[in-house]
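Here the structure is laid out as structure tokens; the discussion comes afterwards.
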There are 2 protein chains.
Amino acid sequence: MGTTQLESVQEPKYWHLKTVLSEALDSDFAVGEILPNERDLAARFGVARATLRQALEQLELEGRLQRRRGVGTTVAPPRVGVAVSTAPHEWAGDVGGEAWQPVDSTVAKAPAPIAATLGTDPAEPVHVVRRIRETQGQVVAAELVYVPGSSVPDLSAIEASGPVRARAVLRELHRLGLQGQDRSVELGSARADDAKELDRLPGAPVLVVTTRYLTAVGTAAVSVATYRADTCRLTFGDSGALEISHDDQPERQAS
Amino acid sequence: MGTTQLESVQEPKYWHLKTVLSEALDSDFAVGEILPNERDLAARFGVARATLRQALEQLELEGRLQRRRGVGTTVAPPRVGVAVSTAPHEWAGDVGGEAWQPVDSTVAKAPAPIAATLGTDPAEPVHVVRRIRETQGQVVAAELVYVPGSSVPDLSAIEASGPVRARAVLRELHRLGLQGQDRSVELGSARADDAKELDRLPGAPVLVVTTRYLTAVGTAAVSVATYRADTCRLTFGDSGALEISHDDQPERQAS
DNA sequence: AAGTGGTCTAGACCACCTC
DNA sequence: AGGTGGTCTAGACCACTTA
């Protein structure tokens, strides 16, 4: 009974560190400012570098910090809201600076689960269009669009390659008259190719947006877009973007 | 020169490990099966435990594994698709097993960014309803709904507490006749209270869904829902859920 | 009590960037 | 060349679960 809980349950060091750093970021640092290096910071807080790094990783995951090898750790700007349109996609790209830029197009076998969604034979090649999305000069997403040949029959004649071919595929797809979309969002880690495009290391956390494009007949195409989870906030819905910044909501207060 | 690139650019050990483990999971393990413990696995692959853990963390992040302290590491089932309705919310909860369950309701000051979105004075208390969402017997999300007193004026008389009070607040809100919603999705880490509700450790990766509920007049309420990122795939859109499983799409093939 | 994953340490070396 | 973050090691101890 007389037992006095000094610190209820002691939280892990890295967790406490994260909190301290987070508050320091709010009060003592400006966006873009560089932090002391990891060895100095660890020494200053009296912890091993690995522990300090655990705290930094969390903060980076939450979009508060940006770390670049060989350069340093800087305070990240608030996440950019990226609209994931509910309305039919802008296939042509380039609308108000929120552009999708076709990179190239190949013909290859779709991964099994995607072939299943398309309803095509997994062994049958489909068009694979690669494009990237830029917002405010930053690449925020890389996407692969899988289009079965049956959706774009008029494409056999086309001999172009690269962005030109990519545009052609998307244009044909657009002409089908898409009727709706199914979409899902989940957490993933960047594959090597996407990571390169996004200027991140492989395995970096990404938001994977899978979209199914529907016509009256069925699924016309499937796209898999990977957004940088550290810098992006995906926005949906009727009107403009939300303006709520990162996790500065406090712990819930007791009643 | 005679220099032969043995392995082009050597990928990190943990990355390679992850790939190997991932393939082993596909071929040699069934969902729910328990893996050897970390010390054994590390020894088997000839790496330090920390390195092995780095690979396991990635796989857990991708929803392939589930780890529980004191218990072990098991093969996770495919992520469950959780519908994030585009249609007006089911405030009453309990619809086809996809229920939101009110937990309790308090009156407290909203965090600054939320007060800003609500357009209320940050110093003025608002109703805070806490509820959780279950899917297939699993808690998949914890949510706080912030409702300004001005949105639910008839609530002053209510004396109830706990779930009863929570239900009352939501019922009043529902009666307003909501006109639409703005929604955003971003990556976050679970606060201590949410982590407890979600049966995860603090800091676990979560998908934060922020919703703004609109009436003709303006913003009637704001909710912040945190979904388990390891087990959930958020689905949006016109019809049913997508059926694409986790990251088994291979590296992009060269043209 | 035994076994599991979670935290932490104090080093070492590497890959990358900038000067 | 020197500084940064990224990877890796070989330990130790702790918190939690189960039997």
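Treat the numbers as computed from the prediction; the structure is a model and nothing was measured. Lettering of chains follows the sequences in order, A, B, ..., and the numbering in each one begins at 1.
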Using whole Å, report how far [atom1] of [X] lies from [atom2] of [N].
| X | N | atom1 | atom2 | value |
| --- | --- | --- | --- | --- |
| A/Gln58 | C/dT7 | CD | C1' | 13 Å |
| A/Arg49 | C/dT9 | CZ | C1' | 13 Å |
| B/Glu38 | D/dC16 | CD | C1' | 14 Å |
| B/Trp15 | D/dC8 | CH2 | C1' | 17 Å |
| B/Arg39 | D/dC14 | CZ | P | 14 Å |
| A/Glu57 | C/dC8 | CD | P | 13 Å |
| B/Asn37 | C/dG6 | CG | C1' | 14 Å |
| A/Leu52 | C/dT7 | CG | P | 16 Å |

Go through A/Arg133 and A/Glu143 one step at a time and tell me if the salt bridge (charged side-chain N to carboxylate O under 4.0 Å, His left out) criterion holds.
CA-CA 8 Å; A/Arg133 181 173 183 172; A/Glu143 183 180 46; over 6 Å; no
Tell me which of A/Ala50 and A/Thr73 sits closer to the 5' end of DNA chain D, going by the nucleotide each one is nearest to.
A/Thr73
Per B/Arg53 side chain, nearest of listed nucleotides D/dT18, C/dG5, D/dA10
C/dG5
Nearest to the side chain of B/Arg69, heavy atoms from C-beta on, is which of C/dG5, D/dT7, D/dT9?
C/dG5
With the threshold set at 4.0 Å, does a side-chain nitrogen-carboxylate oxygen contact exist between B/Asp230 and B/Arg200?
yes
B/Lys196 and B/Asp193 ion-paired at < 4.0 Å
no
Determine: side-chain N/O of B/Arg67 to OP1/OP2 of C/dT4, distance under 4.0 Å, yes or no.
no
Does a side-chain N or O from A/Tyr14 land closer than 4.0 Å to OP1 or OP2 of C/dT7, or not?
yes
Modelled atom types, side-chain donor and acceptor of B/Arg64 and B/Ser22, under 3.5 Å:
yes
Parallel, tilted or perpendicular: which describes the rings of B/Phe236 and A/Phe236, with under 30° parallel and over 60° perpendicular?
parallel
Which part of the nucleic acid does B/Leu201 contact within heavy-atom distance under 4.0 Å: base, sugar-phosphate only, or nothing?
sugar-phosphate
Is there a donor on the side chain of B/Arg68 or the base of C/dG6 sitting less than 3.5 Å from an acceptor on the other?
no
Solution key, residues 43-54 of chain A side-chain donor-acceptor pairs under 3.5 Å, sequence neighbours excluded:
residue: A/Arg49; atom: NE; partner: A/Glu38; partner atom: OE1; Å: 3.0
residue: A/Arg49; atom: NH2; partner: A/Glu38; partner atom: OE1; Å: 3.0
residue: A/Arg53; atom: NH1; partner: A/Glu38; partner atom: OE1; Å: 3.2
residue: A/Arg53; atom: NH1; partner: A/Glu38; partner atom: OE2; Å: 3.0

Terminal axes of the helix from C/dA1-D/dT18 to C/dT18-D/dA1 (5 end pairs apiece), angle rounded to 10 degrees, sit apart by 10°
Taking the nucleotide of DNA chain C with the closest heavy atom to each, which residue, B/Val71 or A/Ala48, is nearer the 5' end?
B/Val71
For B/Ala55 and B/Tyr14, work out which heavy atoms get closest and say how close.
CB-O, 3.6 Å
